[in-house]
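Each remark here refers to the structure printed beneath this line.
As the structure is a prediction and not an experimental result, all values here were calculated from the model.
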Amino acid sequence: MAFPSASGYTNLPNGNFTPEIFSQKVLKFFRRASVVEDITNTDYAGEIENYGDTVRIIKEPTITVSSYSRGATVSPQDLADDQITMVVDQANAFAFKIDDIEERQSHVNFEALATSSGAYSLKRKYDATVLDAMVTNAGINGESGASVQQVSGIGTLATPLSVSTGDIAVNTMLAMARALDDQSVPEENRFFVAPPAFYETLFSAGSKFAEVQVTGDQTSPLRNGLVMQGMIAGMKCYKTTALNDSGTDIVTLTGLGAGENAILAGHMSSTATASHIAKTEVVRDTGTFSDIVRGLHVFGSKVLRPESLVRGVVAL
């Protein structure tokens, strides 16, 4: 952009003495934090290689305990060898093209930059897909047809719970933790996932949220707006925009209306995931002087224990 000149001033009239400067620092998209890898069982990830692979998981048998009197005959039970099948049946891909002239003349490495963005986009879609399966198959929820247990006070698909105060948010989390207790779900490796707006309300709870029995801390610090390293109601807390009611790559639970948000509590063993970047490659375009960069992500997920997942539906 040339500087303005005074009337009649004709020195260096074209303004070419002020060159345009292109920054090599690139403005990147915001990266949404991934939560699925932290809240699911990934023990089977090393057993898959390709789209269509199947992992068969043997369920732990349930042992029956009966009363015993001295001298009574004890009849051994037959052990069940039930299995759950997880199929790597989902895949996402990206592809883009960089012309040789563009690559040579560009002031930034667009190939590396776009590949990084593509990998992030794959993970974002992966998060939304797996979380959708988890909230859909949660066996504990507020619906009358819950497959494991119906819990009141955590909202339903037609009637979400209005979370207007921090106290309501805390009470909702406590109710969901209690539901896990009722199913004898281990306290270790429990998690809670909610959209950012839920935590905005939660951290406004003031004195109640500072109570030791809620935070589990030895002291009672007031919290700020960040999800902390500690626990609430015995659950590690995660936030994700995948549970927002609008936006890109969000959970699309059937029956979830506008302005309604799903929240989820559970145990890490509830869901198994297996994820594998099958291909990241550069190939020559046959029609132009260009490189085509493409990536393929294959994955599978399976809810193994619906009794260890609690779904709430809230209006924020």
Side-chain angles (χ1 to χ4, degrees), residues 30-36 38-40 124 127-128 130-136 138 140-143 151-180 190-211 213-217 221-253 255-268 270-271 308-316:
F30 289 117
R31 263 41 173 179
R32 184 174 81 191
S34 175
V35 302
V36 164
D38 284 345
I39 67 173
T40 60
R124 184 182 65 190
D127 252 27
V130 175
L131 283 172
D132 188 88
M134 294 173 74
V135 299
T136 298
I140 308 172
N141 52 62
E143 315 298 329
V151 177
S152 61
I154 60 174
T156 66
L157 288 172
T159 312
L161 175 68
S162 177
V163 180
S164 55
T165 67
D167 285 356
I168 295 176
V170 172
N171 290 338
T172 305
M173 295 181 69
L174 291 172
M176 296 173 80
R178 163 68 185 276
L180 294 174
R190 288 187 185 184
F191 65 82
F192 176 81
V193 188
F198 183 91
Y199 288 103
E200 180 183 9
T201 303
L202 174 68
F203 289 117
S204 67
S207 60
K208 181 163 188 176
F209 190 66
E211 293 175 2
Q213 65 268 29
V214 175
T215 65
D217 295 332
L222 291 175
R223 303 292 187 177
N224 57 24
L226 297 175
V227 179
M228 65 292 187
Q229 293 296 320
M231 298 183 180
I232 304 175
M235 300 180 290
K236 291 183 179 179
C237 297
Y238 299 87
K239 61 181 173 182
T240 175
T241 55
L243 293 179
N244 281 351
D245 60 349
S246 62
T248 303
D249 294 325
I250 60 173
V251 166
T252 55
L253 175 66
L256 196 66
E260 298 180 5
N261 301 82
I263 57 176
L264 188 69
H267 190 268
M268 182 181 292
S270 68
T271 307
S308 61
L309 284 175
V310 188
R311 181 190 71 224
V313 181
V314 298
L316 301 169

Step by step, work out the side-chain contact (heavy atoms from CB on, under 4.5 Å) result for Leu174 and Asn171. CA-CA 5 Å; Leu174 291 172; Asn171 290 338; 4.3 Å; yes
Closest heavy-atom pair and its distance - [X], [Y]:
X	Y	value
Tyr238	Tyr199	O-OH, 2.7 Å
Ala262	Val135	CB-CG1, 4.3 Å
Asp132	Thr136	O-OG1, 2.7 Å
Ala233	Ala177	O-CB, 3.7 Å
Cys237	Met173	SG-CE, 3.8 Å
Ala242	Ala128	CB-CA, 4.4 Å

Sub-4.5 Å side-chain heavy-atom contact between [X] and [Y]:
X	Y	answer
Val170	Asp167	no
Leu157	Leu253	yes
Leu309	Thr271	yes
Ile263	Ile154	no
Leu202	Ile232	yes
Arg311	Glu143	yes

Ring-plane angle category for Phe192 and Phe198, please: parallel below 30°, perpendicular beyond 60°, tilted otherwise. tilted
Polar side-chain atom of [X] near backbone of [Y] as donor-acceptor pair, under 3.5 Å:
X	Y	value
Thr240	Leu243	no
Asp127	Val35	yes
Thr241	Asn244	no
Glu260	Val313	no

Separation between CE of Met176 and CD1 of Ile140, rounded to the nearest 0.5 Å: 9.0 Å
Hey, could you give me the CD1/CG distance between Ile250 and Leu131, rounded to the nearest 0.5 Å? 12.0 Å
May I have the step-by-step check of side-chain contact (heavy atoms from CB on, under 4.5 Å) for Met134 and Val193, ending in yes or no? CA-CA 11 Å; Met134 294 173 74; Val193 188; over 6 Å; no
